[in-house]
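To start, the structure under review is shown below, and the notes come after it.
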Amino acid sequence: MKYPIKHITPKTAIEQQVEIARQLITSGMPEKIEIVAGVDMAYSQKPLTGFSAISLFTYPNLQYIKTYQEIDLIGYPYIPGLLSFREGPLIMDTLEKVEEDIDLFLFDGQGIAHPRGVGIASHLGFLLDKPSIGVGKTWLTGEYKEPGRQKGNKSDLLDASGNLIGHVLRTRSETNPVFVSPGHRIGIEEASEIVLNCTTSYRIPEPLRRADQKAEKYKNEGDI
DNA sequence: GCGACAG
DNA sequence: ATCTTGTCGC
């Protein structure tokens, strides 16, 4: 493992991010997308425990396939900019149980729309060498103008130098937009297109919405 | 030093 | 993320 993700000090984590950032591919459309996965986590306090959920859906028909889950103690603190070092370990463990060939990942959080250009979607997409997209529910970095109020409307998310790093996308009319940015092996325009294709009548794309529900239920009801 | 800060 | 009561609107 050239870039270990477990037990990494913040200093080393940042060094890894800088190195990974220049290797990310942020253009193009995956040649094949048949299975899309939504990845999310829920937590319970004392002792801080994480519950992961990876929900698989067919694409573009969005038929639910199944969900893989895992549980473990969380030792890493939440540090803005280093989210993937907190959630990544459990997510990677969960992925080891997956038998299907996932073509694209949707992560709850940012892709390249990150202080060093390596949000959780970029980091994990890079480690997996798979197409990935970051779908954040709130802002982390970048400047933008409020997009139109109707579903499908979007505006550019720019970094301090004015470079395009993602889109602020309205996935549901009259509702707060989501922050979409490429994780790895996909372009910005392509990422927004796929997020919209994965969205039905709710603000959050189906794979992520289902993973969120599954993680929450796992936290409250366990394996039962 | 001050303000900002995904989940 | 989690905690936590009521409230608004389809």
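What you are looking at is a predicted structure, and each value in this text was computed from that prediction instead of being measured. Numbers restart at 1 for each chain; the letters A, B, ... are given by sequence-line order, proteins then strands.
Between the side-chain ring of A:Trp139 and the base of B:dA6, no stacking contact exists by the 5.5 Å and 30° definition.
A:Thr138 has a side-chain polar atom (N or O) that falls below the 4.0 Å cut-off from OP1 or OP2 of B:dG7. For A:Lys137, no side-chain nitrogen or oxygen approaches OP1 or OP2 of B:dA6 to under 4.0 Å.
Contacts of A:Ala42 with the nucleic acid, taken as non-hydrogen atoms under 4.0 Å apart, involve only primed sugar atoms and P, OP1 or OP2. Using a 4.0 Å heavy-atom distance criterion, A:Ile74 is classed as making no nucleic acid contact. In this structure, A:Gln110 reaches the bases: a heavy-atom distance under 4.0 Å links it to at least one base atom across the strands shown. Contact annotation for A:Gly81: base contact, defined as any heavy-atom pair under 4.0 Å involving a base atom. Looking at heavy-atom distances under 4.0 Å, A:Tyr78 makes contact with a base.
Remark: side-chain polar atoms of A:Thr58 are paired, donor with acceptor, to backbone N or O of A:Gln63 under 3.5 angstrom. A distance-only check finds no donor-acceptor pair linking the side chain of A:Tyr3 to the backbone of A:Gln17 [under 3.5 Å]. Here the side chain of A:Ser173 pairs a donor or acceptor atom with the backbone of A:Lys151 at under 3.5 angstrom.
A cation-pi geometry, defined here as NZ or CZ lying under 6.0 Å from the six-membered ring centre and within 45° of its normal, holds between A:Arg86 and A:Tyr43. A:Tyr64 carries A:Arg210 over the face of its six-membered ring, with the cationic atom under 6.0 Å from the centre and within 45° of the normal.
Regarding A:Leu82, its CG atom lies at a distance of 11 Å from the C1' atom of B:dC5, rounded to whole Å. B:dA6 atom P lies 11 Å from atom CZ of A:Phe179, rounded to whole Å.
Of the candidates B:dA6, B:dG7, C:dC3, the closest approach to any side-chain atom of A:Lys219 belongs to C:dC3. Among the nucleotides B:dC5, B:dG7, C:dT2, the one closest to any side-chain atom of A:Glu216 is C:dT2.
Helical stems in DNA chain B, defined as runs of 3 or more consecutive Watson-Crick or G-U wobble pairs with donor-acceptor distances under 3.5 Å: none found.
Under the 3.5 Å distance criterion, with hydrogens and angles disregarded, no donor-acceptor pair is assigned to the side chains of A:His184 and A:Ser122.
Ring-centre distance between A:Phe85 and A:His123: below the 6.0 Å cut-off.
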